[in-house]
S.K.: 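To start, I am sharing the structure in question, which I have written as structure tokens.
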Protein chains: 2
Amino acid sequence: MDRRIEVENEVLRRVKPSPEEKKRLLAVVQDLLSKVDSTAAGLGVSGIRAKLVGSAARDTWTSGTHDLDIFIPFPVQKTRDELEKYGLLIARDIAKGADRYEERYAEHPYLNMHYRGFDVDMVPCFAVGCASDMKSAVDRTPFHSEFVKTHIRGMEDEVLKLKQFMKGTGVYGSELRTQGFSGYLTELLIISYESFEGVISGACNWKPGVVIDLHGHGTVTHSESLVVVDPTDPKRNVAAALSLDRFCRFIDACCSYLEEPSLSFFFPEPEIPLTDQQVLGMISERESSFVAIVFGKPDIVEDVLYPQLDKMESSVRALLEQHGFSILNSSRWAGEQAAIVVELLCAKLPDVKKHRGPPVWERKHAQNFISKYKGSADTFAFYIEDGYYVADIKRKFTAAKDLLQEKLAACSMGKQLTESVRQGFRILENEEICLIEEEDFRRSLNKWKGN
Amino acid sequence: MDRRIEVENEVLRRVKPSPEEKKRLLAVVQDLLSKVDSTAAGLGVSGIRAKLVGSAARDTWTSGTHDLDIFIPFPVQKTRDELEKYGLLIARDIAKGADRYEERYAEHPYLNMHYRGFDVDMVPCFAVGCASDMKSAVDRTPFHSEFVKTHIRGMEDEVLKLKQFMKGTGVYGSELRTQGFSGYLTELLIISYESFEGVISGACNWKPGVVIDLHGHGTVTHSESLVVVDPTDPKRNVAAALSLDRFCRFIDACCSYLEEPSLSFFFPEPEIPLTDQQVLGMISERESSFVAIVFGKPDIVEDVLYPQLDKMESSVRALLEQHGFSILNSSRWAGEQAAIVVELLCAKLPDVKKHRGPPVWERKHAQNFISKYKGSADTFAFYIEDGYYVADIKRKFTAAKDLLQEKLAACSMGKQLTESVRQGFRILENEEICLIEEEDFRRSLNKWKGN
């Protein structure tokens with residue numbers, strides 16, 4: 001117990017912003033908010049009162065994080081076109097004072113800028129009356145911010161500890177690359193369990209299907225592993241984007257932490273890229289077969305890239321399994337290039353393949369199967385087994401590499417990856433994996449090194 | 001149609017006993033029956049009237065078959081000890097006139113003798129009032145004989161054709177080696193469908209679960225593929241011993257015959273033993289891995305031997321699969337020696353083995369799994385996948401041969417095979433299979449040669 005208090009105090013010491021850091025942030029926020037309001041007025045858009053939302057607004061940001069979310073709420077009478085047009089006009093005007101800026105697109109366009117050392121998102125939205133009335137996807141954010149602000153008071157440090165714990169254990173962040181816990185979800189967990197310790201012990205008893213409903217007002221049955229009903233919208237599951245994997249990793253981390261608390265959960269040692277020698281050692285120790293598909297990374301944002309990589313990874317697995325290859329593990333990686341790595345039990349299969357046909361008593365299907373395979377030149381043997389016709393036939397692809405070379409382009413993997421793969425790809429086998437020298441790729445191979 | 005009549009006439013010409021052959025048989029039967037009756041009287045056992053049962057009694061025996069079943073019915077008041085004692089005394093007395101004889105044991109002892117060119121079983125039984133009152137397993141046979149005799153009249157030739165068709169297609173014989181159709185079952189099928197053609201077309205529409213109940217008096221639900229309710233005992237399925245495999249082979253043969261009738265269904269070309277060169281060619285073409293376990297054949301009757309071989313075959317398959325080997329096919333063989341042959345996708349697996357543990361949220365099991373595998377010297381990597389803990393660990397047996405060498409003796413395979421294997425066995429791999437030179441073994445390899 002003492003050990004835990006010691007660890008958590010040290011965590012807070014490291015991640016809680018100092019009064020000076022807070023002061024600096026507040027000054028920039030004030031500057032931005034008043035600029036938005038006056039710019040709006042100057043453009044003839046009346047009644048705009050910009051809002052700071054996100055962790056900066058709730059005192060739940062960790063030291064060193066310089067992210068600001070400024071929302072520009074438009075009256076609901078405005079059209080979406082007007083919102084986009086005036087929203088960007090206002091934001092661009094303010095961006096004149098920024099180091100650099102760019103327009104980005106989620107459901108509608110917004111501006112990201114580097115402003116006085118801060119990473120600022122300036123997002124136009126509609127000032128709807130309640131979250132469930134939203135006209136655009138971002139409209140609910142101010143309600144989240146409001147809810148947290150009024151319920152988190154006195155528990156801000158607990159949020160800081162939990163966020164850092166999640167960052168350290170790799171489950172923080174709701175973007176599609178990670179599919180982990182969002183900031184809002186983290187805050188709701190603290191509000192629900194009332195402390196860092198409460199969340200950690202609570203999660204130790206989680207099972208898929210656990211429901212947390214602060215207001216007991218949930219109206220919909222959700223199928224996700226974790227259901228946290230949005231206090232501002234009874235139909236919504238705040239944890240909908242959390243993957244089973246991150247859900248489980250969090251449970252695992254919580255239980256391990258309770259057993260043996262240590263600072264390394266919050267601040268783990270960075271993973272070290274494997275050297276050529278380590279890669280070769282890993283492969284020869286396991287004796288399995290590695291195949292990497294390497295191709296150009298398309299120039300798209302991560303939230304588009306990673307779902308396509310995930311899709312490609314599972315298509316490649318399905319293709320290999322369909323053709324009789326047994327998969328041990330796989331992973332996807334994107335850096336300068338991109339790659340799918342698959343570990344196979346065997347990369348080479350025998351010529352013969354067992355092909356099961358219809359049951360003997362389904363005569364229509366049986367006749368087709370018989371006339372196709374019985375006595376054919378590519379049939380080694382034809383027989384009945386467990387009630388089914390079976391033909392031992394010639395396997396089309398005996399090497400995983402040949403199969404991928406010929407069939408990869410037909411795999412389902414999203415628009416941009418399909419284009420990229422059509423432009424070319426390489427298949428690396430076993431020690432050839434060392435041809436990818438990027439450190440981040442070599443770090444990703446720690447998955448197989450373990451321990 | 002003409003073709004079929006032509007084929008079937010030729011079959012009858014070959015298998016229907018000539019009047020001379022029948023006369024010879026009848027003479028021997030008369031001789032035996034009267035000898036039994038007088039010997040019984042001589043021994044002071046009154047009221048014995050020996051009976052000829054089986055196909056010889058029903059005119060459904062095929063030419064060249066010289067099997068006689070003589071039953072010696074004792075009054076039901078006799079004890080089993082008396083039945084055995086006097087039954088054998090009578091039989092042994094008659095065996096004095098035989099070329100040779102031996103005592104055999106089914107449920108109770110009987111005598112088998114070679115007598116004037118015939119293979120005679122002389123079986124003591126109880127003269128019960130009806131089949132379902134039977135005191136010993138053989139007591140129902142006379143009722144079967146009686147039923148067939150009174151219902152088969154005029155359809156004897158149809159039985160001959162069907163029996164020969166079943167012999168030729170390898171599905172005749174209810175002994176445990178074959179698990180095919182018994183003579184009685186064959187006769188009931190003819191009585192039910194009224195002709196050879198009727199059975200063949202009928203079987204083409206069979207599916208597992210088909211029920212044939214001549215008297216519509218069945219009282220029990222059976223789970224076997226084919227249910228033929230015994231007209232002399234409503235609780236009994238005459239086809240209970242028929243395996244799914246023989247059931248399916250029969251359906252397949254019937255459909256093929258209807259499509260293209262030919263004499264080869266009744267009189268197939270004998271299988272030719274594979275030469276060394278053919279064995280080697282077969283293995284190298286398929287590219288799979290063959291493993292044969294060779295051991296001494298215990299000196300036991302086939303009905304004891306084959307169930308043990310079947311058990312051993314499935315135990316060996318289970319052992320290999322448990323340890324990650326993929327099986328393509330397998331077979332069992334007994335000649336001078338005995339062997340189980342297994343064809344594997346790969347006989348060698350990599351060092352690494354994926355070992356799935358409990359779900360992350362089952363903490364009790366999880367703790368055991370973690371403390372056993374996480375960070376252990378034999379663990380390559382430890383991670384969470386699809387909600388489960390997984391350890392990539394060192395495989396204990398990477399070669400099928402090593403696995404069998406160490407674990408075969410512990411496989412379940414019946415008393416006599418266990419003893420035989422304990423006395424020693426050899427594992428042959430791939431081309432080493434040629435070390436078994438017995439023709440009958442080489443014939444059994446046609447399973448893999450096919451076409």
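Proteins get letters first, then strands, A, B, ... in listed order; numbering begins at 1 in each. The figures here come from the full heavy-atom set of this structure, side chains too, leaving out hydrogens, waters and symmetry mates.
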S.K.: To the nearest 0.5 Å, tell me how far B/Cys346 SG sits from A/Lys348 NZ.
M.R.: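 The NZ atom of A/Lys348 is 9.5 Å from SG of B/Cys346, to the nearest 0.5 Å.
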S.K.: Measuring heavy-atom distances to chain B, does A/Arg363 have an atom under 4.5 Å in its side chain, in its backbone, in both, or in neither?
M.R.: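 Interface part for A/Arg363: side chain.
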S.K.: Which value, rounded to the nearest 0.5 Å, describes the distance between A/Lys354 atom NZ and B/Glu343 atom CD?
M.R.: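 These two atoms lie 8.0 Å from each other.
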S.K.: Looking at CZ of B/Phe247 and CH2 of A/Trp361, how far apart are the two atoms once the value is rounded to the nearest 0.5 Å?
M.R.: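 Reported value, rounded in 0.5 Å steps: 7.0 Å.
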S.K.: Please rank A/Pro208, A/Pro359, A/Ser288 by heavy-atom pairs under 4.5 Å with chain B and give me the top one.
M.R.: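 Ranked by contacts with chain B, first place is A/Pro208.
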S.K.: Once you round to the nearest 0.5 Å, how far does CZ of A/Phe380 lie from CD of B/Glu287?
M.R.: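 Taking CZ in A/Phe380 and CD in B/Glu287, the distance rounds to 7.5 Å.
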S.K.: Could you measure the distance from the CG atom of B/Leu345 to the OG atom of A/Ser326? Nearest 0.5 Å is fine.
M.R.: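 Going from CG on B/Leu345 over to OG on A/Ser326, the span is 7.5 Å.
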S.K.: Any chance you could measure B/Ile384, atom CD1, to A/Asp252, atom CG, to the nearest 0.5 Å?
M.R.: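 The CD1 atom of B/Ile384 sits 4.0 Å away from the CG atom of A/Asp252.
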S.K.: Counting heavy-atom pairs under 4.5 Å with chain B, which one of A/Arg395, A/Glu259, A/Arg286, A/Met282 comes out on top?
M.R.: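 With the most close heavy-atom pairs to chain B, the winner is A/Arg286.
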S.K.: Quick check on side-chain contact (heavy atoms from CB on, under 4.5 Å): which of A/Val390, A/Val352, A/Asp392 does B/Asn329 satisfy it with?
M.R.: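 The single option meeting the side-chain contact (heavy atoms from CB on, under 4.5 Å) with B/Asn329 is A/Asp392.
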S.K.: In terms of heavy-atom proximity below 4.5 Å to chain B, should A/Tyr388 be classed as side chain, backbone, both, or neither?
M.R.: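 No part of it gets close to chain B.
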S.K.: Going through the distances and angles, do A/Glu362 and B/Lys207 end up as a side-chain contact (heavy atoms from CB on, under 4.5 Å)?
M.R.: CA-CA 8 Å; A/Glu362 287 188 2; B/Lys207 286 176 180 22; 5.9 Å; no
